[in-house]
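Below: the structure, in structure tokens.
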Amino acid sequence: MPETFPLDHLECVWEKPDTLTETRFHYCPGCGHGVVHKILMEAVKELGIQGDTIGVAPVGCSVFAYHYMDVDMQEAAHGRAAAVATGIKRVLPEKYVYSYQGDGDLAAIGTAETIHAANRGENILVIFINNAIYGMTGGQMAPTSIIGMKTSTTPEGREIATQGFPFKITELIAMLPGAYYVTRQSVHTPNAVRSFKKAVLKAFQAQKEKRGYCLIEVVSNCPSGWKLTPVDANKWMEENMFPVYPIGDLKVEGKLGERMFTQVTKN
Amino acid sequence: MPETFPLDHLECVWEKPDTLTETRFHYCPGCGHGVVHKILMEAVKELGIQGDTIGVAPVGCSVFAYHYMDVDMQEAAHGRAAAVATGIKRVLPEKYVYSYQGDGDLAAIGTAETIHAANRGENILVIFINNAIYGMTGGQMAPTSIIGMKTSTTPEGREIATQGFPFKITELIAMLPGAYYVTRQSVHTPNAVRSFKKAVLKAFQAQKEKRGYCLIEVVSNCPSGWKLTPVDANKWMEENMFPVYPIGDLKVEGKLGERMFTQVTKN
Amino acid sequence: MASVRGTVKINIQTCKGCELCVEACPQESLKLSKEINAIGYHYAVLVQDNCTGCVNCALVCPDAVITVYRSIKKGGKRELKEPIATITHVSRDIKVSIDTLSQSQQSIGRVDI
Amino acid sequence: MASVRGTVKINIQTCKGCELCVEACPQESLKLSKEINAIGYHYAVLVQDNCTGCVNCALVCPDAVITVYRSIKKGGKRELKEPIATITHVSRDIKVSIDTLSQSQQSIGRVDI
Amino acid sequence: MTHEILFAGFGGQGVLSMGQTLAYAAMTEEKEVSWMPSYGPEMRGGTANCIVIVSNKPISSPIISKFDAVVALNQPSVDKFEKAVKPNGVLIYDSGSVFILPSRTDITVVPVASEFEALKLGNVRVRNMVMLGAFLSVCQVVNVPSVMKGLSEVLPQRYHHLLAVNQQALERGEDLIIEAATPLV
Amino acid sequence: MTHEILFAGFGGQGVLSMGQTLAYAAMTEEKEVSWMPSYGPEMRGGTANCIVIVSNKPISSPIISKFDAVVALNQPSVDKFEKAVKPNGVLIYDSGSVFILPSRTDITVVPVASEFEALKLGNVRVRNMVMLGAFLSVCQVVNVPSVMKGLSEVLPQRYHHLLAVNQQALERGEDLIIEAATPLV
Amino acid sequence: MSETRLMKGNEALAEAAIRAGCKGYFGYPITPQSEVVEYLAEEGRQRGMVVMQVESELAAINMVYGAAGAGARVMTSSSSPGISLMQEGLSYIACAELPCLIVNVNRGGPGLGTIQPSQGDYFQATKGGGHGDYHLIVLAPASVQEMADFVYDGFDIADKYRNPVMILADGALGQMMEKVVFKEYTPAEHIPPKPWATVGKPPTRERNIITSLFIQPEKMETINIGLQAKYQRVRENEIRYELVEADDAEVLLVAYGLSSRICKKVVELARQQGLPVGLLRPITLYPYPYEILQELSERISSVLVVEMNSGQMVEDVRLGINGKVPVGFYGRMGGVIPSAEEVLHKVIEMFDRVELKHVEEEYHA
Amino acid sequence: MSETRLMKGNEALAEAAIRAGCKGYFGYPITPQSEVVEYLAEEGRQRGMVVMQVESELAAINMVYGAAGAGARVMTSSSSPGISLMQEGLSYIACAELPCLIVNVNRGGPGLGTIQPSQGDYFQATKGGGHGDYHLIVLAPASVQEMADFVYDGFDIADKYRNPVMILADGALGQMMEKVVFKEYTPAEHIPPKPWATVGKPPTRERNIITSLFIQPEKMETINIGLQAKYQRVRENEIRYELVEADDAEVLLVAYGLSSRICKKVVELARQQGLPVGLLRPITLYPYPYEILQELSERISSVLVVEMNSGQMVEDVRLGINGKVPVGFYGRMGGVIPSAEEVLHKVIEMFDRVELKHVEEEYHA
Ligand SMILES: Cc1ncc(C[n+]2csc(CCOP(=O)(O)OP(=O)(O)O)c2C)c(N)n1
Ligand SMILES: Cc1ncc(C[n+]2csc(CCOP(=O)(O)OP(=O)(O)O)c2C)c(N)n1
Ligand code: SF4
Ligand code: SF4
Ligand code: SF4
Ligand code: SF4
Ligand code: SF4
Ligand code: SF4
Ligand SMILES: [Mg+2]
Ligand SMILES: [Mg+2]
């Protein structure tokens, strides 16, 4: 197909960043993980920090992130990415260190490591993909699954009485003084993607300036786990997840935003 | 000495509740653990629930709580008291279940279990003794140690840059919808003790009504760990810990109190 | 033909036919093919030559298989060129039924760990 | 002697001499003894007969060694009785130096685990 | 008598449930049976397979590497498992998906246009039942009525309205073999 | 020559540092040495002890149950460790704290009024050094100057102003034995 | 109630747990055993069980501690990495003598490894992956039927000895389907009274305490002596194994779980070739059937241990054989399953050797 | 720099870590090893180390993973329950082949147990408490000097084989003071280049990946074969032990760590009585010195294994002796330390018996 385009008349305005490897993503069609990978690596490229960046992959669908992201990477045990990132950052304080984690990884088994890294103000970036489900293990309930959501371990829908509430760990982290920048994003529309990218750039800048802990939650889809087509999944996400996980900044430059007050008031 | 009192002229207005065993506390002189034990068991006695109450002891100075509290008890692994309490409560939903934990136990190694129990709205009571230090192991830094505090692992005083901020887990828990009643108390003055007792009664009442998770933090002393006399320790506590951990209710009947807004605003 | 200001190149061998680009394109320039590619998906194709090079499709594409081009702006003004988008492999009706789609999705996806 | 409305009984064998009751007593009725008990502490004693039975000392006592009594109120009115508090084992100066105190504290306390 | 069979194809083609159906059918006939799926790395292009063993005595290993019959729904499966057929065994494959044909001469090779026939029945998803019908016609491991019983076990209740078309598919599969066999006479 | 010594008393009486001081002193004299504390359950009424072994050859076990000398600062220690003294060994104890006296006759028993003497020196805390002085006078394991060297190692810098009174205490301890010995002549 | 069903091992195990009167399940998803929690989330909850998917394996095992201490029949299940996270909790449970069931559907390690079947956790299960001198009682099923049966047995043994029991299966046993018959079983007839449980102290008894803390070493030693005495009773009463054509065997295969199934096939194939091969299948991995090995060592001329690991149970076999005859090993690692043919090949080699003195360990390369 | 100091074992170990060029320490307090983190918090920080007291042992071991993967010399230390919490992490570290040092100052278990010295974690350390086929290299010091020396050796061996090394001590070795000489050691001369470390990828090389995930079993098996080959090299090169009066010994004591110190005393006492008793002290517990046992088994008439547990290393001794002579066991549990006298008593019994065929295991009751 390349031949069909007389490319000399055109300038390329978007192409896959070369900070992504050639390997094809193993993700299901339409899965948000791919979009996030792409934008994250685009940011790394734009900032020219490929040679100074070390990533930490979680256990979850993105366990193979290191197959795609062309930076030095470590694969952490389930839930321990924040600890692994801390270990790296403390011995290499001048490098950029990020972890990439799902909701099961970060908000269930990794709760303690996540919160303590934030509380210590570890100078790292955590990318948190909240798809409200355990994608990798076949669609079990996540701490972030919303009320009534059917999963393979909540066949009747998640109910408060026995399974508790969707866990808004991002709100908690925003409360911690060690957290410098905390934001909730999505990547399901072009504008959402643009906004997410700005957030990534901002977070890396903060890390450069040694401002402390940055967390970017991405409310994302899991078409396979949700048993929806990608397009429907994104719709379902807007309609059902955004009310629980409203998009926007929670904390910027160490200051809690409007949103947090609303959160507290609503609670 | 008994003979010296002509007791028949008098009524006894306070005596050690018989829900405490005869065993002498092993705590250091002046240690807040004893006061809390005493009041907790007094409440159990007053409510007449001794036969329906199961306690969970932590690993920390209060590891031997079961030597003193005359109720059925389990000794949990370090940090797992909330999980152990959950296990008990889920199979014995009609019983009163409480855990008793220090700051290392609850806010360091037990962070995840603590937060998830709260988030699930487990119908248990957690008593959280925050003495800002690891008493049992000889005075190391706790997550709640305050800035500048000298401990055996922060000989130069806790500093934000490397050890992070005093961890206000109670504030986080108050944010969780599963938490019904969250309060911060102390037991260093008679009035403080009275207020603490009211809190315990309120929490057991809530548990009876199946309202969900209740947390009572007790800002407490550790004369040995702090290397102060008990009297001086209490003074130090008022002057240095209360500003960081202000006493009062954070959440009552599922509603966040004034204090939380102030917290958020200050942050 | 309308003025073409942009176009896209889609790697149809690795496209997974998720249709998110189709949804995202303000020009309705994209559709899914009737045919399936070697990995079993109905891939995205450009079906109109009205692409503005707005990059939307590329931004949302989870598999990063879309490259976007725009006419080269010379002297501060876009130079409009002949249409260059080629519609390939699309013979009949383009839209496929979700039923078949979701079936093909099963052949790739998450790894259990 | 002043009107005595209450008194306390202190188990001096298990008192750990933390002095918190002394601090808490609004009547300054309590002091630490000069002598040490079998477990090595200067224990608390009632040194004045002005105790009001307010319970403060008992509430703050970490070792629950204080029992508090009040005159029995008959017909809604407190009946005031003769002083019944006994000051025992206190010969000289009562207050002990913190130095000695903190030393004795070392002989009981936390268990390492 | 022990039958050791492998079903292989892409994930989503119904290979696992094809095997399960056979296993249920065999159980209905009071035979010993084991069904062992390849589980896990679906990422690798999504191939899936399962081993079914049917026997009238206890089954030793549920995991074996040589088979009396291999039923293959795609090219990679033929490529990979042709050599796993025992001498004098049977290799059945979907003729519509396989272009590089099997080459062994010491086994019976049976092409079946299962996808094509399923499409004719109006539902591509029953291609596995066409295949199973053909397989049974060649290997007679169990009877078709038992298979129908098995199917009603495998299919979740909400899909029971599809039992009819599945039966048609099974029978179509059986017939195909008979048709194919005819000219050879 | 190997000296196996146990120091025992309440926590807070300085038994552990008494042992450490001796160990340092021995090291200064280029002897082999080991110091093994009882660590842990301080709750049990707060007894503490440590074993010090001083030798001119490598020390095998640092944990032993029979001692050439036991230095006991309180009653429980005498009760517990009297029987741990080797025949012909030495038991030194604080006469002010011990009321039930040791009864063995096959060992040398030395009461020392260490607390009393320490109080006379104006600091009850140096009672351990009085004891150590007495012990050295009886057992001659190391020299007093070495002990002073040891002390300056054991004492944190901020307490070095106390070195003088410690030295006095040591010497007082030594003298006590001489005094005590005199009438016996 | 007994009826034949075709089920996955994981499902059969879950169904048996419900029938065995298991009151609480606490777990965290992990392949290849997630069907256990999924099945229970649907069936178990409907039939009155407390079924909790919790925040981690660490939380799960400690909930098991709490619930078992409260007198309930309870269990958890996981696979290798998740079981590693439970080691502290298991040591606590063993010391506090709490009866419960732990299921490890072993996958290929170490590390994150792979999800394919493995027997790489034998040491962890049998020697104690946690700290201190304790033992799990370890049952190794080799069929879906046993995946179900050992649940009843496991709970009963756990209650009998107040000891945690582990079912050590592997990914294949969890995922494969076979016929399974659920036996008649009335939990009430099997679950003993638990007067030691913390259920709230009536005025008529002293408070109950569940603990593993005994600060004085002498007391802690007494506790340990008690545990060791119990293990001794377990060794005397609970050893189980299966012998296949061992009477006249010259070469004895020793294998458990899935690899024993493969070895049964090997015995069949070998016997077809006239080779006198037999099989010892340990069913309890702790207590280990050392005695029968000693006995057999008088009759056989060599042993081949077959495992899906680098050679773990082979140490126990050597301890049993105690130098009497050579003990060889054949293993595949990291989730690879040995084929009957490759094992047979190895066996034939053993017969071929004139000198059978020493068969070296060998990893497939 | 070499100078003699009198130090606690924990402090000597910490001081040696600083001198060995350890760049990062991540740990959590626990008795009886808290002096390690306390010493480093003061001395280590002042001398430029990253010293972190973190939220748990779980976090600590995973920080070690991260920092080791980033190419730094790093360590953690804990005691029994804390080490159990590290088992998953250790399995990951072993599989990802990251060099680092883990210190277990063993205390009495199981469960919360006691804080007194114990050797109850031998199995966990040597057989693998985590999941899968991996091994730590385990060094067992028996003096404060070795507490220091083995830190250098441990780091060097870890780097040489890219394998985690464990120092398995016990509470007594941690708490006791002895003389220690810190040897001359220039870290730069010992720390090899680590081109595999994730330090940021320059354009000149492919990215570095630290992982333990190999989803395809064939690949996972290859990884395992690589590990096993490495362990083979370790077995060939790193076995260390000490023999005391073993030349003419009839009864051979086998003991490590603290119990070997006691056994040295026993040898002294026995020789005083004219009894030909010797001692084998394994210094590396993995790799285990089986060969020397085999060799000695030709000369001695019986073996007595002495441990501060219920009998763990005794299995390795039996594997080494392989039935040649009887192997007896004497152990104390739960934090109790055997006295030289009681062991001697046992030894005399062995000499007294006419038939030395079979010495039964015995627990002190
Ligand atoms: C200790 C441990 N427990 C459980 C697992 C199994 N496991 C793998 S991924 C995963 C959850 C994945 O969910 P999430 O983090 O939300 O990521 P997603 O797949 O949704 O992107 C689980 C439970 C494991 N590998 N290790
Ligand atoms: C897994 C594990 N890690 C560490 C310890 C050691 N440990 C015992 S108590 C304790 C901390 C106690 O502090 P805290 O919870 O604040 O209670 P406090 O003693 O101050 O009341 C620690 C670290 C342990 N027993 N188990
Ligand atoms: S299972 Fe869900 S999260 Fe995982 S790759 Fe598929 S769609 Fe994405
Ligand atoms: S160490 Fe501190 S917390 Fe522990 S008993 Fe003593 S004073 Fe209380
Ligand atoms: S660049 Fe814009 S206009 Fe062109 S195809 Fe993509 S979304 Fe449509
Ligand atoms: S978004 Fe990408 S993967 Fe999806 S259909 Fe469009 S081009 Fe294909
Ligand atoms: S508060 Fe209690 S323990 Fe403290 S001095 Fe008073 S009586 Fe004694
Ligand atoms: S009861 Fe009140 S007045 Fe009486 S001693 Fe106690 S504090 Fe003082
Ligand atoms: Mg998820
Ligand atoms: Mg504390």
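Chain letters run A, B, ... following the sequence lines, proteins first and then strands; every chain starts at 1. Model, not experiment: these values are computed from the prediction.
For the set G:Cys263, G:Pro32, G:Ser339, the count of heavy-atom pairs under 4.5 angstrom toward chain E peaks at G:Pro32. Heavy-atom pairs under 4.5 Å with chain E were tallied for G:Arg261, G:Lys8, G:Lys264; the largest tally goes to G:Arg261.
No part of G:Ala340 comes within reach of chain E, as not one of its non-hydrogen atoms sits under 4.5 angstrom from that chain. Within the 4.5 angstrom heavy-atom criterion, no atom of E:Glu153 approaches chain G. Both the backbone and the side chain of G:Gln175 come within less than 4.5 Å of a heavy atom of chain E. Only the side chain of E:Ile64 comes within contact range of chain G, judged by heavy atoms closer than 4.5 Å. Contact annotation for G:Ile262: both backbone and side-chain heavy atoms come within less than 4.5 Å of a heavy atom of chain E.
G:His345 NE2: 12 or fewer foreign heavy atoms inside a 6.0 Å radius. Crowding of E:Glu30 atom CD: a count of heavy atoms from other residues, nucleotides or ligands under 6.0 Å not exceeding 12.
In this structure the side chain of E:Pro62 reaches within 4.5 angstrom of the side chain of G:Leu258, judged on heavy atoms. Side chains of E:Trp35 and G:Leu6 form no contact here, defined as non-hydrogen atoms less than 4.5 Å apart. Contact annotation: the side chain of G:Met176 never approaches that of E:Ile63 to less than 4.5 Å [non-hydrogen atoms, C-beta and beyond]. Residues E:Ser65 and G:Glu341 are in side-chain contact: their nearest non-hydrogen atoms beyond the backbone lie under 4.5 Å apart.
Salt bridge present: G:Lys265 and E:Glu4 bring a charged side-chain N and a carboxylate O closer than 4.0 Å.
Annotation: the span from E:Met36 atom CE to G:Leu173 atom CG amounts to 8.0 Å, rounded to 0.5 Å.
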Next item on the list: Decide yes or no on side-chain contact (heavy atoms from CB on, under 4.5 Å) for E:Val33 and G:Glu178, but give the supporting numbers first.
Entry: CA-CA 6 Å; E:Val33 57; G:Glu178 286 185 319; over 6 Å; no
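Between G:Glu268 and E:Ser60, the side chains place a donor N or O and an acceptor N or O closer than 3.5 Å (distance only, hydrogens not considered).
Between the E:Tyr39 side chain and the G:Thr31 main chain, no donor and acceptor come within less than 3.5 Å of each other.
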